[in-house]
Asks: 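For reference, the structure I am asking about is given below.
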Amino acid sequence: MSQGEQAQSRATGSLAAVLLVGILLQLAGCSPPPDPVTCTHGTSNCTVTNTYGSFTDRTICHAANVVYPSTEQELVAAVAAAASAKRKMKVATKHSHSGPKLACPGGSQGTIISTARLNRTVRIDAERQLITVESGMVLRDLIQAAAAPGLSLPHSPYWYGLTIGGLLATGAHGSGLWGKGGAVHEYVVGLRIVTPAPACHGFAMVRELAADHPDLDAAKVSLGVLGVVSQVTLALQPLFKRSVTFVRRNDSDFTARVAEWGRLHEFADMIWLPQHGSVIYRQDDRVDVATPGNGLSDLALFRSNPTALLVRVRAAEERLQENGTDIARCAAEQEAATRQLPALGFTNDGVSFTGYPIVGYQHRIQASGSCIDGPEDGLLSSCAWDPRIRGTFLYNSGFSVPLSKVSAFVADMQRLRDLKPAAFCALLRAGVVLRYVKASSAYVGKPEDSVDVDIIFYRSHTDGMPRAHADVLDEIEQMALGKYGGLPHWGKNRNFAFDGVIARYPKAHKFLKVKNMYDPDGLFSSEWTDQVLGVNGTPNIIKKRCAIEGLCVCSDDLHCAPEQGYFCRPGKVYTKARVCSSTEDY
């Protein structure tokens, strides 16, 4: 065996080893993610980033100061102080999970308002099935608080490290078309929001929006440009259980099933494994609370991992990306697949998986994130993406395709896959996750029933470094957005995906009207939000290798990496796409 083959073999084995962690280890501790805000002088001269330590354009945002209000009164005072000085403001949440720069106040003289200490339950009305919480409460604590008196939040994202204010700002969701659907904002029946005000009103005011208030449809998905949400009231349901079974089948009928699966099961989703020609169907329905079972969702991706192993696996992944072959990458992916946790990390009793169906209470099934739960252990273990270690570093692209067009979109993805299945071994860490989202009354929520597509893929630590077969994923995204009228997730995508997107929201003009009424001076707006909302400028950043970074769609070879053999070329299936292809792939 040559030295190159030996190196690739070592990389293959190391990459597969990470999936053994969840099987072999039950870690007692895990260093929680760091505060996204750091300051050099107390609460002054600050920077803010996200949980990955890097926004999509790799910048770190600066601010003059940060404030940590712990009451609504303190929050009003913080907004008033900044508004009286005409300083820009932005909200930072406890873990700051948005990829785009939604937490950046712009410039270096703005104020960051952290909601980390606004994390309490205000009231629970068990009779009316309502819960009111402060906006900085993380989803984990909210669903536990709801369960205590026998209530359930009907839907939520799968990661419970989000705050209620943060997930509402970006329209975060679970999966479901039944009833009101899978988006959390559809269960908002009231909120209190602090906005700037004229001097005669003390420069800040609290606006209370009840269920019938016309502005609630602007505030419940707001991108953080209206003000700071102080409290949220959500409609709950009586505590219920769910029965979950994952069924894997070949993808020969995927195009037909994708349009109907979400109507067959209340919490249905799918994971497409293109390189394997298969789909994992989530058969997930509500069952009577008396049904036996105490199942738990503890997804492998969200568990704590030894940091030494994370670093070693990342190094192996980098070697495969930069010097590996398709054969080596697919071998590593295949080896990892054989070692994955049974039932994707779900257990029947909180400890082990013994068989389907997995039955458990809603608050134990709907979301997970155990890597934020453990006590500090000095970074011996952490969430996989913790920026303090050189571990997992990735892009998470989310976009939705109208349900009426999703079968044709899936057929095009399969056509692209069939041209070179091995290309997908280099791109996908967890398959292509598809979730269902119902049309929303929110002005910048989904305008029609849709399927949300989630893809996690490798990102280099080196600015402008090409990824193997990146053209495949870029073509899929451009196809979804350009050919099928898709929409990027407000909190999960790269710059190019947001160019001109606001024009696809029929009620955008109503949102902007409320924005101008609540914050006429644009103190909660930034360069980024002005760009994506079509107020001023474009989110595209045109420079050398910008298409490699997802900052633009290439129109010139210089936007790719011609020195390394990557040139701007048409897509292979969606020929209107423009992607950076290597000379070996074209």
Asks: Cut-off 3.5 Å, side chains only: do Asp471 and Ser581 have a donor facing an acceptor?
Replies: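 Short answer, yes.
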Asks: Take atom NZ in Lys94; do more than 12 heavy atoms of anything else shown fall under 6.0 Å from it?
Replies: no
Asks: Could you list all the side chain to side chain donor-acceptor pair (under 3.5 Å) pairs where at least one residue sits in residues 398-411, not counting sequence neighbours?
Replies: Ser400-Lys446
Asks: Please, which pairs that meet side chain to side chain donor-acceptor pair (under 3.5 Å) have at least one residue in residues 188-199, sequence neighbours excluded?
Replies: Glu72-Arg192, Arg192-Glu208, Thr195-Arg207
Asks: Are any non-hydrogen side-chain atoms of Ile164 and Val184 less than 4.5 angstrom apart?
Replies: yes
Asks: Between Cys568 and Cys580, is the SG-SG gap less than 2.5 Å?
Replies: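 Taking the criterion (SG atoms under 2.5 Å apart), Cys580 and Cys568 fail it, so no.
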Asks: Would a 4.5 Å heavy-atom cut-off, applied to side chains only, mark Tyr443 and Val221 as touching?
Replies: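 Of all side-chain heavy-atom pairs linking Val221 with Tyr443, none is under 4.5 Å.
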Asks: Mind checking whether Trp528 and Phe498 have ring centres under 6.0 Å apart?
Replies: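 Yes: the rings meet the under 6.0 Å criterion.
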Asks: Drop me the distance from Thr538's OG1 to Ile541's CD1, to the nearest 0.5 angstrom.
Replies: 9.0 Å
Asks: Identify the heavy atoms of His489 and Ala172 that sit nearest to each other, and give their distance.
Replies: NE2-CA, 4.1 Å
Asks: So, taking the atom named CG in Leu234 and the one named OG in Ser156, what distance separates them when rounded to the nearest 0.5 Å?
Replies: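 Answer rounded to 0.5 Å: 11.0 Å.
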Asks: Does anything in residues 483-501 pair up under salt bridge (charged side-chain N to carboxylate O under 4.0 Å, His left out), and if so which pairs, sequence neighbours excluded?
Replies: Asp412-Lys483, Asp454-Lys492, Asp474-Arg494, Glu477-Arg494
Asks: Classify the side-chain pair Ser441/Lys507 by whether it contains a donor and acceptor separated by less than 3.5 Å.
Replies: no
Asks: Compare all side-chain heavy atoms of Leu168 with those of Val229 and state whether any distance is below 4.5 angstrom.
Replies: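 Side-chain contact under 4.5 Å: no.
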Asks: Find out whether Pro69 and Ile113 are in side-chain contact, i.e. whether some heavy atom of one side chain is under 4.5 Å from a heavy atom of the other.
Replies: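 Yes - at least one pair of side-chain heavy atoms lies under 4.5 Å apart.
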Asks: Should the pair Arg58-Glu549 be classified as a salt bridge under the 4.0 Å nitrogen-to-oxygen rule?
Replies: yes
Asks: Does anything in residues 96-119 form a salt bridge (charged side-chain N to carboxylate O under 4.0 Å, His left out)? List the pairs, not counting sequence neighbours.
Replies: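 The answer is Asp57-Lys101.
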Asks: Hey, is NE2 on His201 packed in by over 12 heavy atoms from elsewhere, all under 6.0 Å?
Replies: no
Asks: Is it the case that the ring center of Phe267 lies less than 6.0 angstrom away from the ring center of His155?
Replies: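 Ring-ring flag for His155/Phe267: true, centres closer than 6.0 Å.
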Asks: Do Leu394 and Phe457 make a side-chain contact, defined as non-hydrogen atoms from C-beta onward lying under 4.5 Å apart?
Replies: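 Of all side-chain heavy-atom pairs linking Phe457 with Leu394, none is under 4.5 Å.
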Asks: Which of parallel (below 30°), tilted (30 to 60°) and perpendicular (above 60°) describes Trp159 and Trp385?
Replies: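 It falls in the perpendicular class, over 60°.
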Asks: Do any pairs count as a salt bridge (charged side-chain N to carboxylate O under 4.0 Å, His left out) and have a residue in residues 152-174, sequence neighbours left out, and if so which ones?
Replies: none
Asks: Among all residues two or more places apart in sequence or in another chain, which pass the side-chain hydrogen bond (donor to acceptor under 3.5 Å, both in side chains) test with Tyr160?
Replies: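 Tyr160: side-chain hydrogen bond (donor to acceptor under 3.5 Å, both in side chains) contacts with Asp373.
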Asks: For the backbone of Asn536 and the side chain of Gln531, can you confirm whether one donor and one acceptor N or O come within less than 3.5 Å of each other?
Replies: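 No, because the side chain of Gln531 does not come within donor-acceptor range (under 3.5 Å) of the backbone of Asn536.
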Asks: Considering residues at least two apart in sequence or located in another chain, which fulfil the side-chain hydrogen bond (donor to acceptor under 3.5 Å, both in side chains) criterion with Ser222?
Replies: none
Asks: Would you list the pairs meeting disulfide bond (SG atoms under 2.5 Å apart) in which at least one residue belongs to residues 52-93, sequence neighbours left out?
Replies: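 Disulfide bond (SG atoms under 2.5 Å apart) check on residues 52-93 returns Cys61-Cys104.
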Asks: Please work out whether the ring planes of Phe254 and Tyr281 are parallel, tilted or perpendicular, with thresholds of 30° and 60°.
Replies: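 Perpendicular, since the angle between the ring planes exceeds 60°.
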Asks: Taking Ala80's backbone N and O only, do any of them form a donor-acceptor pair with Ser84's side chain (distance below 3.5 Å, no angle check)?
Replies: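 It does hold such a pair.
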Asks: Run the salt bridge (charged side-chain N to carboxylate O under 4.0 Å, His left out) test on Asp452 and Arg435 for me, step by step, so that the C-alpha distance in whole Å, both residues' side-chain angles and the decisive distance to 0.1 Å come before the verdict.
Replies: CA-CA 5 Å; Asp452 189 87; Arg435 295 178 291 162; 3.7 Å; yes
Asks: Can you classify the ring geometry of His95 versus His97 as parallel (below 30°), tilted (30 to 60°) or perpendicular (above 60°)?
Replies: perpendicular
Asks: Using a 4.5 Å cut-off on heavy atoms from C-beta on, say whether the side chain of Leu162 contacts that of Val138.
Replies: no
Asks: For Leu533 and Phe511, what are the C-alpha separation, side-chain angles and deciding distance, and is it a side chain to side chain contact (heavy atoms under 4.5 Å, CB included)?
Replies: CA-CA 10 Å; Leu533 290 173; Phe511 179 80; 4.1 Å; yes
Asks: With a 3.5 Å cut-off and no angle check, do the side chains of Gln231 and Ser135 form a donor-acceptor pair?
Replies: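 No.
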Asks: For Asp449, is there an ion pair with Lys438 - N to carboxylate O distance below 4.0 angstrom?
Replies: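 Salt bridge absent between Lys438 and Asp449.
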Asks: Could you walk me through whether Thr121 and Met137 pass the side chain to side chain contact (heavy atoms under 4.5 Å, CB included) test, one step at a time?
Replies: CA-CA 8 Å; Thr121 301; Met137 176 174 276; 3.2 Å; yes
Asks: Quick check for you: to the nearest 0.5 Å, what is the distance between Leu487 atom CG and Phe399 atom CZ?
Replies: 11.5 Å
Asks: Scan residues 518-527 for pairs that pass salt bridge (charged side-chain N to carboxylate O under 4.0 Å, His left out), counting only residues two or more places apart or in two chains.
Replies: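 Counting only pairs at least two positions apart or across chains, the salt bridge (charged side-chain N to carboxylate O under 4.0 Å, His left out) contacts touching residues 518-527 are Lys86-Asp521.
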Asks: What's the verdict on side chain to side chain contact (heavy atoms under 4.5 Å, CB included) for Asn119 and Thr163, showing C-alpha distance, side-chain angles and the deciding distance?
Replies: CA-CA 9 Å; Asn119 58 1; Thr163 65; over 6 Å; no
Asks: Using the rule side-chain hydrogen bond (donor to acceptor under 3.5 Å, both in side chains), only one of Gln129, Arg286, Gln362 pairs with Gln237; which is it?
Replies: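 The single option meeting the side-chain hydrogen bond (donor to acceptor under 3.5 Å, both in side chains) with Gln237 is Arg286.
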Asks: Applying side-chain contact (heavy atoms from CB on, under 4.5 Å), name anything that partners His363, two or more places apart in sequence or on another chain.
Replies: Ile143, Gln144, Ala147, Leu239, Tyr361, Gln366
Asks: Hey, does the Lys NZ or Arg CZ of Arg282 hover above the aromatic six-ring of Tyr158, less than 6.0 Å from the centre and inside 45° of the axis?
Replies: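 That pair qualifies as a cation-pi contact.
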Asks: How many angstroms lie between SG in Cys546 and CG in Asn540, if you round to the nearest 0.5 Å?
Replies: 8.0 Å
Asks: Is it the case that the side chains of Asp215 and Tyr518 hold a donor-acceptor pair, with the cut-off being a distance below 3.5 Å and no angle test?
Replies: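 A pair is found: one side chain offers a donor N or O, the other an acceptor, under 3.5 Å apart.
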Asks: Within the structure provided, determine whether Val451 and Val437 are in side-chain contact (heavy-atom separation under 4.5 Å).
Replies: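 A side-chain contact is absent here, since even the closest heavy-atom pair is not under 4.5 Å.
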Asks: Suppose we screen for side-chain hydrogen bond (donor to acceptor under 3.5 Å, both in side chains). Which residues come up paired with Lys180, at least two apart in sequence or across chains?
Replies: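 By the side-chain hydrogen bond (donor to acceptor under 3.5 Å, both in side chains) rule, Lys180 matches no residue at all.
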Asks: Check side-chain hydrogen bond (donor to acceptor under 3.5 Å, both in side chains) between Asp35 and all other residues, then give those that pass, not counting sequence neighbours.
Replies: Tyr68
Asks: Would you tell me whether Arg459 and Tyr395 have side-chain atoms, one donor and one acceptor, within less than 3.5 Å of each other?
Replies: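 There is such a pair between these side chains.
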Asks: Nearest 0.5 Å please: distance from the OG1 atom of Thr132 over to the CD1 atom of Ile124.
Replies: 9.0 Å
Asks: Compare all side-chain heavy atoms of Val79 with those of Phe524 and state whether any distance is below 4.5 angstrom.
Replies: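 Counting from C-beta outward, Val79 and Phe524 do come under 4.5 Å.
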Asks: Are there more than 12 heavy atoms of other residues, nucleotides or ligands under 6.0 Å from atom CD of Gln73?
Replies: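 Check fails, neighbour count at 12 or below.
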Asks: Let me confirm one number: the CD1-CZ distance from Ile455 to Phe424, rounded to the nearest 0.5 Å.
Replies: 8.5 Å
